[in-house]
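Everything numeric in this text was worked out from a predicted model, so none of it was measured.
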Amino acid sequence: MRRLLVWLLVAAGALVSVVPFYWMAVASTHDTSELFRSPPPFLPGDDLLANLRGLEEAVGFTRVVVNSLATALVYTVGSALVSAMAGYGLAKFRFRGRGVLLAVVLATMMIPFQVLLVPLFQMMASIGWVDTYQAIVIPFLANSFGIFLMRQAFLDFPDELIESGRLDGAGDLRIFYRIVLPVVRPQLGALVIFTFMSQWNSFIWPLLMLNSEEKYVLPVALSHLTGLTRVDYSGLMLGALLATLPLMLVFFVFQKQFVSGLLGGAVKG
C-alpha cells in the first residue's frame, strides 16, 4: 500500500506537469478563435501548418531560431570554458588575494540584474556594441554561478594526480584539459544545461540591445506576436512549443553525459 501510494503521488505530479504542455501542443494546432469556445478543444486540430506559416510570416521564425541557436551555443561554450578555467584556478592555485577574489565573485551573485541594466547599456553604447550579438554574449561569459560550481567540483580532485602530471612533464593547460576536466564531466554537463537555458530564454537584455528585426532572438520575436488589439495565441503556443524542443534535446544529450561522467570519471585510491 505504501508503494502504491508513492506511485499514485508520482503519477499525479507527472500529470500536473504534462497537462500544460499537452494544452500548448493542442492549442498550436487550432485557430485562435477556437481556443475560447466552450468547451475548449482537447484534441489536435487541422491548423498546424497554417499556424506555422503565419508564425514564419509574422516574425521570420526560422531566422530567429538560427539567431537564438548561434548566440546560445557561443555563449554556452564560452561561459563553460571561462567558468571551468576560473574555477580550476581558484581551487588549485595558491596566490595572494585568492580568498578576496572568491568573495568578490560570490558577492556578484547577490546583485540583482536589474541594477546592472543602465550602466551595462551605457557601457555597450560607449563602445558601439548596441544592436550587435557580442553585446548579449560577451558581458556574461564570466558567470559567477558557473565559477563557483566548477570550483566546488575541482576542490574534490586529488592534488597528487596534478603533481604526477607535472612530474611527467605536462604543462598546466594539458593537465587541465587531459586529466582534470574529464573527471568533472557531470558538473560541466549541468553547467552546460544551465548556461544554454539561461541564454536561450534570455529576454530583457536582448530586448534592450537588439533593434533590428533580422537580429531578433526567439523570446524577443515571440513577444511581438502580442499586439494592442489582437493576440495570436495559436502562434504564441506554437512558438513556445517549438522553443522547448532544443532545451529538451540538450537535456537528454547531457543526461547521458552525467551517467558516463559518474562511472568513467571516478578516481580510485
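Remark: side-chain polar atoms of Y216 are not paired, donor with acceptor, to backbone N or O of R63 under 3.5 angstrom. Of the possible polar contacts, one joining the R185 side chain to the P182 backbone as a donor-acceptor pair under 3.5 Å is found. Side chain of D168 to backbone of A170: no donor-acceptor contact under 3.5 angstrom is found. Side-chain atoms of S28 never come within 3.5 Å of backbone atoms of L238 as a donor-acceptor pair (strictly under, hydrogens ignored). Looking at W205, its side chain never comes within 3.5 Å of a backbone N or O of L117 through a donor-acceptor pair.
If you chain together hydrophobic residues whose side chains sit under 4.5 Å apart, L4 and L15 never meet in one group. With hydrophobic clusters built from ILVMFWY side chains whose heavy atoms lie under 4.5 angstrom apart, L225 does not share a cluster with L49. Criterion: ILVMFWY side-chain heavy atoms under 4.5 Å apart, direct or through other members. Under it, L116 and M110 are not part of a common hydrophobic cluster. Hydrophobic clustering of Ile, Leu, Val, Met, Phe, Trp and Tyr side chains at less than 4.5 Å, counting indirect connections, unites L218 with I204. When the side chains of ILVMFWY residues are joined at heavy-atom separations under 4.5 Å, either directly or via intervening members, L43 and V26 end up in a single hydrophobic cluster.
A 6.0 Å sphere centred on CZ of R37 holds more than 12 heavy atoms belonging to other residues, nucleotides or ligands. In D46, the CG atom is not crowded: 12 or fewer heavy atoms of neighbouring residues, nucleotides or ligands sit closer than 6.0 Å. Heavy atoms of other residues, nucleotides or ligands lying less than 6.0 angstrom from CZ of R178 number 12 at most. Counting heavy atoms of neighbouring residues, nucleotides and ligands inside a 6.0 Å radius, atom CD of Q152 exceeds 12 of them. Heavy-atom neighbours of F21 CZ from other residues, nucleotides or ligands within 6.0 Å: at or below the threshold of 12. M123 CE: 12 or fewer foreign heavy atoms inside a 6.0 Å radius.
Salt bridge status for R166 with E163: present, with a side-chain N to carboxylate O gap under 4.0 Å.
The CE atom of M124 sits 8.0 Å away from atom CD1 of I138, with the distance rounded to the nearest 0.5 Å. In this structure, I147 CD1 and T108 OG1 are separated by 7.5 Å, a value rounded to the nearest 0.5 Å. Rounded to the nearest 0.5 Å, atoms CG (L35) and OG (S234) are 4.5 Å apart. Interatomic distance, L208 CG to D131 CG, rounded to the nearest 0.5 Å: 12.5 Å. Between atom CG of residue L247 and atom CG of residue N201 there is a gap of 5.5 Å, rounded to the nearest 0.5 Å.
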Just do the side chain to side chain contact (heavy atoms under 4.5 Å, CB included) check on I162 and S164 with the steps written out, would you?
CA-CA 5 Å; I162 299 177; S164 299; over 6 Å; no

Apply the test side chain to side chain contact (heavy atoms under 4.5 Å, CB included) to residues V118 and Q122: give CA-CA distance (whole Å), side-chain angles for both, the deciding distance (0.1 Å), then the verdict.
CA-CA 6 Å; V118 173; Q122 293 177 340; 4.0 Å; yes

Take L48 and L52 through the test side chain to side chain contact (heavy atoms under 4.5 Å, CB included) and record every step on the way to the result.
CA-CA 6 Å; L48 177 61; L52 189 59; 5.5 Å; no

Between I193 and M197, does a side chain to side chain contact (heavy atoms under 4.5 Å, CB included) hold up when you go through it step by step?
CA-CA 6 Å; I193 293 177; M197 289 181 60; 3.8 Å; yes

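Between V130 and N211, some side-chain heavy-atom pair lies under the 4.5 Å cut-off. Annotation: side chain of L55 is not in contact with side chain of N51 (no heavy-atom distance under 4.5 Å). Inter-residue side-chain proximity for I136 and Q199 is flagged as met; some heavy-atom pair is nearer than 4.5 Å. Using a 4.5 Å heavy-atom threshold, the side chains of S198 and Y75 count as touching. Contact annotation: the side chain of S144 never approaches that of L106 to less than 4.5 Å [non-hydrogen atoms, C-beta and beyond]. Between F194 and N143, the closest side-chain pair of non-hydrogen atoms falls below 4.5 Å. Side-chain contact between F140 and T195: absent, with no pair of heavy atoms (C-beta onward) separated by less than 4.5 Å. With a 4.5 Å cut-off on side-chain heavy atoms, T71 and W200 do not count as touching.
A donor-acceptor contact under 3.5 angstrom links the side chains of T62 and E56, judged on distance only. Under the 3.5 Å distance criterion, with hydrogens and angles disregarded, no donor-acceptor pair is assigned to the side chains of D47 and T29.
The ring-ring contact (aromatic ring centres under 6.0 Å, His included) pairs that include a residue from residues 29-57 are F36-Y233, where partners are two or more places apart or lie in different chains.
The minimum heavy-atom distance linking A240 with L222 is given by the pair N-CD1, 4.1 Å. Considering all non-hydrogen atoms of both residues, Q134 and W129 come closest at CG-CD2, 3.6 Å. Contact between V183 and I179 at its shortest, heavy atoms only, is CG2-O, 3.5 Å. Taking each heavy atom of L241 and A25 in turn, the nearest pair found is CD2-CA, 3.8 Å. Residues L191 and A80 share a closest heavy-atom pair of CD2-CA, 4.0 Å. The two residues P219 and S68 come nearest to each other via the heavy atoms CD-OG, 4.3 Å.
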Run the side-chain donor-acceptor check on residues 81-97: report pairs under 3.5 Å with partners two or more places apart or on a different chain.
| residue | atom | partner | partner atom | Å |
| --- | --- | --- | --- | --- |
| S83 | OG | S79 | O | 2.8 |
| K92 | NZ | F154 | O | 3.2 |
| K92 | NZ | F157 | O | 2.5 |
| K92 | NZ | D159 | OD1 | 2.8 |
| R94 | NH1 | A91 | O | 3.4 |

